[in-house]
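Read through the structure below, which is laid out as structure tokens, and then see the notes.
Predicted model only: the values in this text are computed from it and were never measured. Order of appearance sets the numbers: ligands from 1, and atoms from 1 within every ligand.
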Amino acid sequence: MTVASPRRVAVWTAGTVTLGAAALEVWVAGVLLDNPADFRNFAQAHWAVMLVPPLVLGLITFGAMLLFFKQLILKRLTEVFQMFDRLAPPKNPAPLGLSTDWNAFLRERVKVWKSTQESKLGALQDRDDFRRSFIGNLAHELKTPLQSIQGYVLSLLDGAVDDPAHSRKFLQKAAKNAERMGNLLHDLDVITKEESGRLDLKLVEFDVIDVVQEVFDSEERRAARADVKLILDKESPASIYAKGDAGWITQVLSNLIVNSVNYGRHDGTGSTTVRVREEAHKVYIEVEDNGIGIDDESKDRIFERFYRVDKSRSRAAGGSGLGLAICKHLIEAHNESIQVQSEVGRGSTFFFRLPKA
Ligand code: ADP
């Protein structure tokens with residue numbers, strides 16, 4: 001199909017105007033010079049002069065038509081495309097000047113629009129994949145402890161309840177699995193709050209050493225059970241103030257210290273050391289353990305949700321697989337980052353900074 005391009009329309013209109021002007025000229029000359037012989041002589045002598053006005057009029061019409069298309073129609077078209085795909089105005093919104101090419105312009109715009117839509121579609125597909133795998137993981141994480149609880153309850157109902165030794169053991173196991181589900185739901189709550197912007201950071205000035213001591217106190221029994229020592233490094237200041245959400249930083253330190261115990265040495269030589277240092281504008285905090293360590297490949301992935309290096313050890317310890325993902329979210333919400341250094345068999349060090357108060 002031939003498209004009526006602006007250039008073609010302008011050529012036809014200019015041609016029509018040129019011919020019309022020539023015809024008008026001939027008619028006027030015919031009226032002024034009654035005698036046909038006079039008219040013929042005049043036309044022969046002045047044909048070049050007679051050609052000028054129609055040609056000039058034709059050229060002016062041609063230019064005006066192109067300008068009209070460029071200014072009006074292509075401008076409107078650009079606006080429609082911009083409205084359609086909310087693109088920034090292209091550098092050359094309409095082909096310039098007298099070489100206006102509507103087809104090329106449309107092809108270019110459709111190409112840009114298509115690639116924008118493709119990248120939007122790609123992002124939506126990524127989000128959909130992520131959502132699907134997240135729900136899959138979550139269902140799996142909830143199913144495992146729930147099935148254990150059901151198993152122990154059914155065993156109790158089947159008669160184990162009358163055997164005091166077994167009934168106590170089964171109830172303890174059911175309670176442990178219920179605790180695991182509770183931890184998972186708590187962690188999930190933090191992650192969803194963070195993602196929907198409901199984390200509501202309350203930035204205050206707080207003593208980092210107080211927070212470390214508080215976490216040591218609450219994890220003391222867990223550490224003692226695993227035979228892991230909790231140590232506040234001697235060179236740390238007695239008190240140092242940082243600016244942040246004290247509650248959420250307590251949560252971060254708690255997750256790191258619980259991990260250092262869970263994945264620490266359980267043979268009596270295990271230890272977790274917290275170091276706090278004052279820097280020019282920041283407070284540096286690190287949690288070091290001498291436990292199992294993390295291999296290089298896993299180091300890049302441990303901050304992902306539900307990623308576990310040692311699945312059975314994590315589950316046995318009641319881990320949700322979300323602890324480090326939460327730490328990352330919470331520290332990033334403070335505009336800082338959390339990092340890890342680790343060596344398999346030698347231990348791991350997690351560290352981050354907070355603005356100094
Ligand atoms: P989990 O609930 O499984 O502990 P996390 O998100 O806290 O989940 O940790 C993710 C994984 O990273 C753990 O399953 C474990 O394999 C590894 N990990 C975390 N902290 C340590 C550590 N201090 N030493 C060794 N491995 C660790």
Side-chain angles (χ1 to χ4, degrees), residues 133-134 136-145 148 176-195 212 215-216 218-219 222-223 225-231 233 248-267 269-275 285-333 337-352:
S133 86
F134 182 70
N137 279 326
L138 185 62
H140 177 74
E141 295 296 331
L142 284 169
K143 200 172 74 188
T144 320
S148 297
K176 181 135 187 107
N177 279 288
E179 185 191 322
R180 216 175 114 188
M181 284 179 81
N183 290 344
L184 176 63
L185 292 173
H186 167 265
D187 287 356
L188 212 58
D189 189 38
V190 178
I191 288 238
T192 16
K193 267 195 186 133
E194 202 279 334
E195 275 189 347
V212 174
V215 179
F216 275 3
S218 67
E219 299 306 332
R222 183 194 302 268
R225 272 202 307 270
D227 220 352
V228 171
K229 283 190 203 64
L230 299 181
I231 302 161
D233 153 83
W248 289 129
I249 297 301
T250 309
Q251 169 91 65
V252 170
L253 277 169
S254 169
N255 288 0
L256 295 179
I257 289 169
V258 167
N259 278 352
S260 75
V261 171
N262 288 343
Y263 307 106
R265 277 191 214 163
H266 295 170
D267 60 0
T269 60
S271 66
T272 294
T273 307
V274 176
R275 284 190 190 83
I285 303 157
E286 76 170 38
V287 178
E288 183 195 55
D289 66 62
N290 59 355
I292 59 174
I294 304 160
D295 60 274
D296 284 346
E297 200 190 321
S298 301
K299 249 188 278 180
D300 297 333
R301 302 200 51 195
I302 49 170
F303 292 100
E304 288 172 21
R305 293 153 192 205
F306 299 120
Y307 183 83
R308 293 174 165 109
V309 186
D310 186 341
K311 289 188 179 49
S312 55
R313 192 155 171 171
S314 162
R315 295 221 164 89
S320 68
L322 292 172
L324 288 180
I326 287 179
C327 291
K328 183 171 182 282
H329 276 300
L330 291 176
I331 296 298
E332 284 176 358
S337 67
I338 180 163
Q339 286 159 57
V340 61
Q341 278 169 356
S342 186
E343 211 178 307
V344 174
R346 298 195 68 131
S348 313
T349 306
F350 288 83
F351 56 96
F352 61 94

>> Once you measure the plane-to-plane angle for Phe306 and Phe134, does it fall in the parallel (<30°), tilted (30-60°) or perpendicular (>60°) bin?
In response: tilted
> Quick one: does ligand 1 sit under 4.0 Å from the side chain of Phe303, the backbone, both or neither, non-hydrogen atoms only?
Replying inline: neither
> Which residues pass the side-chain contact (heavy atoms from CB on, under 4.5 Å) test with Asp295, sequence neighbours left out?
Replying inline: Glu297, Ser298, Val309, Val344
> Does ligand 1 have a heavy atom under 4.0 Å from the side chain of Asp289, from its backbone, from both, or from neither?
Replying inline: side chain
>> Quick check: do Val287 and Ile257 have side-chain heavy atoms less than 4.5 Å from each other?
In response: yes
> Any idea which protein heavy atom is nearest atom 11 (C) of ligand 1, and the distance to it?
Replying inline: Tyr307 O, 3.5 Å
>> I need the nearest protein heavy-atom contact for atom 16 (O) of ligand 1: residue, atom name and distance, please.
In response: Val309 N, 2.9 Å
> Looking only at side chains, do Ser337 and Gln339 share a donor and an acceptor under 3.5 Å apart?
Replying inline: yes
>> Against ligand 1, does Asn255 come closer than 4.0 Å with any heavy atom?
In response: no
>> For atom 2 (O) of ligand 1, which of the options Gly321, Gly291, Gly323, Gly347 provides the nearest non-hydrogen atom?
In response: Gly321
>> Just checking Arg346: does its CZ atom have more than 12 heavy atoms from other residues, nucleotides or ligands closer to it than 6.0 angstrom?
In response: no
> What residue and atom, counting heavy atoms only, is the protein's closest point to atom 7 (O) of ligand 1, and at what distance?
Replying inline: Asn259 ND2, 2.8 Å
>> Testing the basics here: between Ile294 and Ile302, what is the closest heavy-atom pair and its distance to 0.1 Å?
In response: CD1-CD1, 3.7 Å
>> With a cutoff of 4.0 Å, is Phe306 in contact with ligand 1, counting heavy atoms of the residue only?
In response: no
> Ion pair present between Glu219 and Arg225, side-chain N to carboxylate O less than 4.0 angstrom?
Replying inline: no
> Using 4.0 Å as the upper bound for N to carboxylate O, is an ion pair formed by Glu304 and Arg301?
Replying inline: yes
> Near Ser320, which atoms of ligand 1 are under 4.0 Å from a heavy atom of that residue?
Replying inline: 2 (O)
> At what distance is the nearest protein heavy atom to atom 27 (C) of ligand 1, and which residue and atom is it?
Replying inline: Tyr263 CD1, 3.6 Å
>> Give me the nearest non-hydrogen protein atom to atom 26 (N) of ligand 1 as residue plus atom name, then the distance to 0.1 Å.
In response: Ile294 CG1, 3.4 Å
> Against heavy atoms of Leu322, which atoms of ligand 1 measure under 4.0 Å?
Replying inline: 6 (O), 8 (O)
>> Among all protein heavy atoms in this structure, tell me which lies nearest to atom 12 (O) of ligand 1, with the distance rounded to 0.1 Å.
In response: Ile302 CG2, 3.3 Å
> Which heavy atom of Cys327 sits nearest a heavy atom of Val252, and at what distance?
Replying inline: SG-O, 3.8 Å
> At what distance is the nearest protein heavy atom to atom 3 (O) of ligand 1, and which residue and atom is it?
Replying inline: Ser314 OG, 2.5 Å
> Do His186 and Asn183 come within less than 4.5 Å of each other through their side chains, counting heavy atoms only?
Replying inline: no
> Can you check whether Gly293 has an N/O within less than 3.5 Å of an N/O in ligand 1?
Replying inline: no
>> Looking at Asp189 and Leu185, would you say the former's side chain and the latter's main chain have a donor-acceptor pair under 3.5 Å?
In response: no
> Is the shortest N/O to N/O distance between Leu324 and ligand 1 below 3.5 Å?
Replying inline: yes
>> So if I count the atoms of ligand 1 from 1 in the order they appear, which ones are less than 4.0 Å from some heavy atom of Asp310?
In response: 16 (O)
